[in-house]
Asker: 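Mind looking over this structure? Questions follow.
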There are 2 protein chains.
Amino acid sequence: MQKAAIERNNEAIAAQLAPVGRETVQDRVYSELRRALIGGLFEPSQVLTIRGLADALVTSTMPVREALGRLITEKALEALPNRSVRVPPITLDRLDDLLRARILIEGEAIALAAARMGPRQIATIETILGEWDEMRALKHKKDVDREVTLNQSFHFEIYRSCGSAVLIPMIESLWLQSGPCIRVAIYAFSEAGEVDTAQYHRRIVTALATQDAQAAREALVADISRPFTFLRHKLQSAAKDQT
Amino acid sequence: MQKAAIERNNEAIAAQLAPVGRETVQDRVYSELRRALIGGLFEPSQVLTIRGLADALVTSTMPVREALGRLITEKALEALPNRSVRVPPITLDRLDDLLRARILIEGEAIALAAARMGPRQIATIETILGEWDEMRALKHKKDVDREVTLNQSFHFEIYRSCGSAVLIPMIESLWLQSGPCIRVAIYAFSEAGEVDTAQYHRRIVTALATQDAQAAREALVADISRPFTFLRHKLQSAAKDQT
DNA sequence: TTTTTTGATATGTGATCACACTTGCTTTGA
DNA sequence: TCAAAGCAAGTGTGATCACATATCAAAAAA
């Protein structure tokens, strides 16, 4: 019987080919909206319509409405009583609430990751740091989108190492919720260009390289608190101006 | 001008009438599936089909598929590569992962709540405790469903007091994920009937009544850890039997 | 007897339609 | 001149259909 030979052949084929996967339209819409949300491409309080998004994404309404529903359950979007959906507005309370949750959960994740990151993972995040420096070097063109992307890659490369399939989706949800807020902060930082984000990230890397969970947590808290406190002051002064 | 009179009349009407609200079919399906999931009515690894659920709930497929999509993003259900959806299976790792996350987040929530719960809230959870005792008194009929519901009410009445619009949905998601697992534990406890859950809950109440956040957190951890460690042992011994 | 093939049924996905509700502007009446 | 009624366009929701894929059992081949 040539069963074994066939089996070997199939295995050889399988070794060559990568699984093609099957991404649905709904998945693509969902990813695209997530990207836009985390990147802060939508403004807080902005109203989104199903047909409008479907036109923009060149699909029918069906995938869009399901993607919107999913984002609403993640609190990345908000369902108004009118049944229209909007990006949640920023309030001081919400800002504090989000920051506290992020410190709690991302802090735990990085503490777990500190004990589990090998030289390979450390090298990966150092590569991301290098790309960041490279980008900053040619400073004429301040590409905020790229900053956001690199920042995201840096953090999630760490979180992925925490080994918790439960915490990571929660962190993603938190980023989704804070995305529309922190965009303005990152943009302002990029404008000012003074205190470099890279410096905060470097502190995180050194802490992780020495497997110092406590130091890593503190460095992370400092990093993610910055845009929030910045926004906080901005909102407070804006409120004072209005009165 | 009789504008003021009309206004008064309208206000009088508004005072009598309650807002009718508009729950969509999708919302009802979603709530029903949540209830079933938290209550452990579905078994881990059980496959759910859109048309099957639609028939069971006597609706069309449309609201069901959107509700399923939302539950999948919450990790309450799992999308298989075949595109079928099932209740996530229990593994030891997942159990530990879930418990760690619950201790982290629910612990934080109850610590926050400890400082914010007034006599009114304390009275409410004591009422729930009373209903529990009442139920246990007539022990011939062990109503596991009611136990699950009361347990849920007790915990979420506390969490609601933490004042965090961000943490509460996360806790709901965690309950959704652990629901299918802990059902078997609760059932086993009810069978054995030895160590009463009420005793753990009473410890929580006394800690909250004295606004002792640390004690409340510890009592809560003891309470939610119990079914998990129970299940852990059960799974381990089952694995040992198989070898 | 065991394995492969094949065909029928079941299932998820996306498109389209009908309906109800909301919204904003125009028109009407005071 | 201004507020209220009315109308039209826009929008979300649910139902149904078409199509591609998956599943599983029966039939055919080894």
Side-chain angles (χ1 to χ4, degrees), chain A residues 1-11 13 19-33 42 45-73 76-87, chain B residues 1-11 13-14 17 19-33 42 45-73 76-87:
Chain A
M1 93 172 90
Q2 53 173 338
K3 229 171 58 177
I6 293 175
E7 187 67 20
R8 261 203 314 280
N9 185 31
N10 285 344
E11 273 171 24
I13 292 175
V20 57
R22 263 198 324 163
E23 206 183 21
T24 64
V25 179
Q26 180 192 151
D27 290 335
R28 274 205 292 279
V29 171
Y30 178 68
S31 305
E32 187 62 18
L33 292 179
F42 295 135
S45 300
Q46 183 178 353
V47 175
L48 304 176
T49 67
I50 293 180
R51 285 172 171 92
L53 290 173
D55 286 350
L57 297 166
V58 196
T59 49
S60 76
T61 63
M62 185 59 65
V64 174
R65 61 198 265 193
E66 295 188 355
L68 284 187
R70 291 167 69 177
L71 289 168
I72 289 170
T73 64
L77 295 176
E78 195 180 35
L80 271 52
N82 326 335
R83 310 222 152 169
S84 56
V85 10
R86 70 168 176 187
V87 181
Chain B
M1 104 171 79
Q2 53 174 336
K3 232 170 58 176
I6 293 175
E7 188 66 19
R8 263 203 312 281
N9 185 32
N10 285 343
E11 273 171 23
I13 292 175
L17 264 39
V20 57
R22 264 199 324 164
E23 205 183 19
T24 65
V25 179
Q26 181 192 150
D27 291 336
R28 275 204 292 277
V29 171
Y30 178 68
S31 306
E32 185 63 18
L33 291 180
F42 295 135
S45 299
Q46 183 178 352
V47 175
L48 305 177
T49 67
I50 294 180
R51 284 173 172 89
L53 290 173
D55 287 348
L57 297 166
V58 197
T59 49
S60 77
T61 62
M62 185 59 67
V64 175
R65 60 199 266 194
E66 296 189 354
L68 284 186
R70 292 167 67 177
L71 290 168
I72 288 170
T73 65
L77 295 175
E78 194 179 36
L80 270 54
N82 326 334
R83 312 222 152 169
S84 56
V85 11
R86 70 169 175 187
V87 182

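Below, each value reflects all heavy atoms present in this structure, side chains not excepted, and no hydrogens, waters or symmetry copies. Chain letters run A, B, ... following the sequence lines, proteins first and then strands; every chain starts at 1.
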Asker: Quick one: bend of the helix from C:dT1-D:dA30 to C:dA30-D:dT1 from 5 pairs per end, to 10°?
Answerer: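 Rounded to the nearest 10 degrees, the bend comes out at 0°.
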Asker: Taking only heavy atoms on the protein side, list every residue of residues 50-60 of chain A lying under 4.0 Å from any atom of DNA chain D, sorted numerically.
Answerer: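 A:Ile50, A:Arg51, in order of number.
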Asker: DNA chain C: A:Met62 or B:Leu48, which has the more 5' nearest nucleotide?
Answerer: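 Looking at the nearest nucleotide for each, B:Leu48 comes out on the 5' side.
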Asker: Provide the closest heavy-atom pair for A:Ala54 versus A:Ser60 in the form atom of the first, atom of the second, distance.
Answerer: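 That would be CB-O, 3.5 Å.
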Asker: Among the nucleotides D:dT13, C:dA15, C:dG12, which one has an atom lying closest to any side-chain atom of B:Arg65?
Answerer: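 Looking only at heavy atoms from C-beta outward on B:Arg65, the closest nucleotide is C:dA15.
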Asker: Quick one, A:Val25 and A:Leu57 - any side-chain contact, counting heavy atoms below 4.5 Å?
Answerer: no
Asker: Could you check how far CD of B:Glu66 sits from C1' of D:dT13, rounded to whole Å?
Answerer: 8 Å
Asker: Quickly work out the A:Tyr30 OH to C:dG14 C1' distance and round it to whole Å.
Answerer: 19 Å
Asker: Going by side-chain contact (heavy atoms from CB on, under 4.5 Å), name the residues that satisfy it together with A:Ser31, two or more places apart in sequence or in a different chain.
Answerer: A:Glu23
Asker: Starting at atom CZ of B:Arg28, determine the distance to atom C1' of D:dT13, rounded to an integer number of angstrom.
Answerer: 12 Å
Asker: Just compare C:dT13, D:dG14, C:dT11 and give me whichever is closest to any side-chain atom of B:Thr49.
Answerer: C:dT11
Asker: Quick one: list whatever passes side-chain contact (heavy atoms from CB on, under 4.5 Å) with B:Arg83, sequence neighbours left out.
Answerer: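 For B:Arg83 the side-chain contact (heavy atoms from CB on, under 4.5 Å) partners, ignoring immediate neighbours, are A:Arg22, A:Thr24.
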Asker: Can you tell if the side chain of A:Met62 reaches within under 4.5 Å of the side chain of A:Glu66, non-hydrogen atoms only?
Answerer: yes
Asker: Output the rounded distance in Å from CD (A:Glu23) to C1' (C:dT13).
Answerer: 14 Å
Asker: What is the distance, to the nearest angstrom, from the CG atom on A:Asp27 to the P atom on C:dG12?
Answerer: 15 Å
Asker: For A:Asp55, enumerate each residue passing the salt bridge (Lys or Arg N to Asp or Glu O under 4.0 Å) test, keeping only those at least two apart in sequence or located in another chain.
Answerer: none
Asker: Taking the side chain as C-beta and beyond, is there a heavy-atom pair between B:Arg65 and A:Gln26 under 4.5 Å?
Answerer: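 No, their side chains stay 4.5 Å or more apart.
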Asker: For a quick test of reading the model: is some side-chain N or O of B:Asn82 closer than 4.0 Å to OP1 or OP2 of C:dG12?
Answerer: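 Indeed not, no polar side-chain atom of B:Asn82 lies that close.
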Asker: Could you tell me how far apart B:Arg86 (CZ) and C:dG12 (P) are, to the nearest whole angstrom?
Answerer: 15 Å
Asker: What's B:Gln26 touching, base or sugar-phosphate or nothing? Going by heavy atoms closer than 4.0 Å.
Answerer: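 Sugar-phosphate, backbone atoms only, no base.
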Asker: Between CG of A:Leu53 and OG1 of A:Thr61, what distance do you get to the nearest 0.5 Å?
Answerer: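 So the gap between those two atoms works out to 11.0 Å.
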Asker: What residues form a side-chain contact (heavy atoms from CB on, under 4.5 Å) with B:Gln46, not counting sequence neighbours?
Answerer: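 B:Phe42, B:Glu43, B:Leu48, B:Val87.
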Asker: Looking at every strand, decide which applies to A:Ser84 at a 4.0 Å heavy-atom threshold: base, sugar-phosphate, or nothing.
Answerer: nothing
